[in-house]
Amino acid sequence: MTKARDNYVLDLRASRRGYALNRLCGSLKDEENRRRFSEDEAAYCDAYGLTPEQKKAVLERDWTAMLELGGSIFYTFKLAMLDNKSMQYLGGVFTGMSAEEFTAAMRSGGRKFG
Amino acid sequence: MARVVWGLATSHVPSIGAAMDNHKTEDPYWKPLFDGYEPARRWLAEHRPDVAVIVYNDHANSIDLDMVPTFAIGTAESYAVADEGWGRRPVPPVAGAPELSEHLVTELVDSSFDITTIHQLDVDHGLTVPLSVAYPDPGEAWPCAVVPVLVNVIQYPQPTAARCYALGKALGRAIRSFPQDLKVAVFGTGGMSHQLAGARAGLINERFDRMFLETVEGDPEALAALTREDYVREAGTEGIELIMWLVMRGALSDKILRVHDTYHVPASNTAAALALFEDLGDGDGAPA
């Protein structure tokens, strides 16, 4: 199952912690950067000054670890899109489901809490 | 003088735009959502504004974490459509209304709202998807010019709901004091309940959504009184985007008519809604 926390609020502490990681993911909005990243992911991480933990999370596509290290979903989603991974896939990763199971849960009215 | 003619609240989910761009609106997954838009679209086709003031948030495309303005207004002649990481949407660039932008910035700063101005702004799905919801077939150009009004809803602390509602009130006054005879529409975008990350990913709180959709018409003060923690708890980390609906609602008169609304789950990982209000208060003194 997932090791994700309930909630990830991008406060200023998280924003400082995740600065390099979010900056890297944000850079993927540009086609040239997507090409450069794909050519040598590790070098690209180094160029953006990621910590070793952040670099490992990016290279291993550990989506929950990226959040723990200050990543914002609006940024890490750009990396997911580069991999052709949907938001339903990520939702599944965070909740211990497959993309299909997560999609089915959304179609049945979403997940309920409280 | 300029008039506020209508207000539209709508979700700005990227996949709503992608469904339109990829001709999937008749697919079983998407058809119910787009069918829900249809009555609003028919009305909007007959009520074209000169300018749309679109209250939205950027999603890491023009505004990064180097500098996060709480409230900002685009002041340019035109805005390019952003590449958000998966290529640009095949929709027209957005024409600005720089004279109205300048007027709004001046009036709002004079009303003690400290507005950031943005001259270079690529507009992302937060702005283009609401335009597409209203105008599905723009052809070579959108039917109206646009003033982008940006709200930080991504980095905590977001502005309070009360502050957003007050901004809307000041925005409405500022629009009505613009000396040109313009018909101005106001969009409030984002929402409804959704959370994209964490163990609560996929959260849908239909009870809260329907309460908000109903209450925004007649008792927006009650929604303005909720804290940001209330929004995050009830509507999810991203459901706090609903505070942007309150900017729109504040810009309208007290006298409004609900033309149409619709609610649908899911649009990607969120609940999606639309609410369209005609402003009936023009010309006879809008509320202070």
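A note on names: the letters A, B, ... follow the listed sequences, proteins ahead of strands, and every chain is numbered from 1.
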**Item:** Under 4.5 Å from a heavy atom of chain B, the part of A/Leu90 involved
**Value:** neither
**Atom CG of B/Asp66 with >12 non-hydrogen neighbours under 6.0 angstrom** = yes
**Item:** NZ/NE/NH1/NH2 to OD/OE distance under 4.0 Å, A/Lys29 and B/Asp64
**Value:** no
**Asked** To the nearest 0.5 Å, how far apart are CZ in A/Phe74 and CD in B/Glu238?
**Response** 4.5 Å
**Fill in**
Closest non-hydrogen contact found for A/Met87 with B/Ser268 is CB-OG, 4.1 Å
**Fill in**
Whatever's closer than 4.5 Å to a heavy atom in chain A on B/Asn205 counts as neither
**Asked** Do the side chain of B/Gln195 and the main chain of A/Asp6 share a donor and acceptor less than 3.5 angstrom apart?
**Response** yes
**Spacing of CZ belonging to A/Arg34 relative to CH2 belonging to B/Trp86, to within rounding of 0.5 Å** = 9.5 Å
**Item:** Where A/Ser15 and B/Gln155 come nearest, the two heavy atoms and their spacing
**Value:** OG-OE1, 2.8 Å
**Request:** Under 4.5 Å, counting heavy-atom pairs only, tell me which of B/Ile240, B/Leu196, B/Val68 racks up the most with chain A.
**Result:** B/Leu196
**Request:** For A/Tyr75 and B/Ile63, work out which heavy atoms get closest and say how close.
**Result:** OH-O, 3.8 Å
**Request:** Take A/Val9 and B/Glu229, measure what side chain to side chain contact (heavy atoms under 4.5 Å, CB included) needs, and give me the verdict at the end.
**Result:** CA-CA 11 Å; A/Val9 173; B/Glu229 290 76 15; over 6 Å; no
**Asked** Would the number of heavy atoms belonging to other residues, nucleotides or ligands and lying under 6.0 Å from CD of B/Glu77 be above 12?
**Response** no
**Request:** Return the option, out of A/Gly91, A/Gly109, A/Ala105, with the maximum number of heavy-atom pairs under 4.5 Å with chain B.
**Result:** A/Gly109
**Prompt:** Ignoring hydrogens and geometry, is there a side-chain-to-backbone donor-acceptor pair from B/Arg200 to A/Asn7 under 3.5 Å?
**Reply:** no
**Minimum heavy-atom distance between B/Ile154 and A/Leu10, given as atom pair plus value** = O-CB, 3.8 Å
**Request:** Identify the heavy atoms of A/Lys78 and B/His59 that sit nearest to each other, and give their distance.
**Result:** NZ-O, 3.7 Å
**Message:** Out of B/Ala197, B/Ala82, B/Ala271, return the one with the most heavy atom pairs under 4.5 angstrom to chain A.
**Reply:** B/Ala197
**Prompt:** At what distance, to the nearest 0.5 angstrom, does CZ of A/Arg111 lie from CD1 of B/Ile204?
**Reply:** 10.5 Å
**Asked** Checking B/Thr270 against chain A: side chain, backbone, both or neither under 4.5 Å from a heavy atom?
**Response** backbone
**Atom group of A/Met81 that falls short of 4.5 Å from chain B, counting heavy atoms** = side chain
**Asked** Does any N or O in the side chain of A/Asn22 come within less than 3.5 Å of the main-chain N or O of B/Leu65, such that one atom is a donor and the other an acceptor?
**Response** no
**Complete:** So, the part of A/Leu82 with a heavy atom under 4.5 Å from chain B: the answer is neither
**Prompt:** Which answer fits A/Arg107, side chain, backbone, both or neither, if we ask what part of it has an atom under 4.5 Å from a heavy atom of chain B?
**Reply:** both
**Message:** Rounded at 0.5 Å granularity, tell me how far CG in A/Asp11 sits from CD in B/Gln158.
**Reply:** 10.0 Å
**Asked** Could you give the distance from OG1 (A/Thr103) to CG (B/Asn269), rounded to the nearest 0.5 Å?
**Response** 7.5 Å
**Prompt:** Are there more than 12 heavy atoms of other residues, nucleotides or ligands under 6.0 Å from atom CD of A/Glu31?
**Reply:** no
**Item:** Atom CZ of B/Arg210 with >12 non-hydrogen neighbours under 6.0 angstrom
**Value:** yes
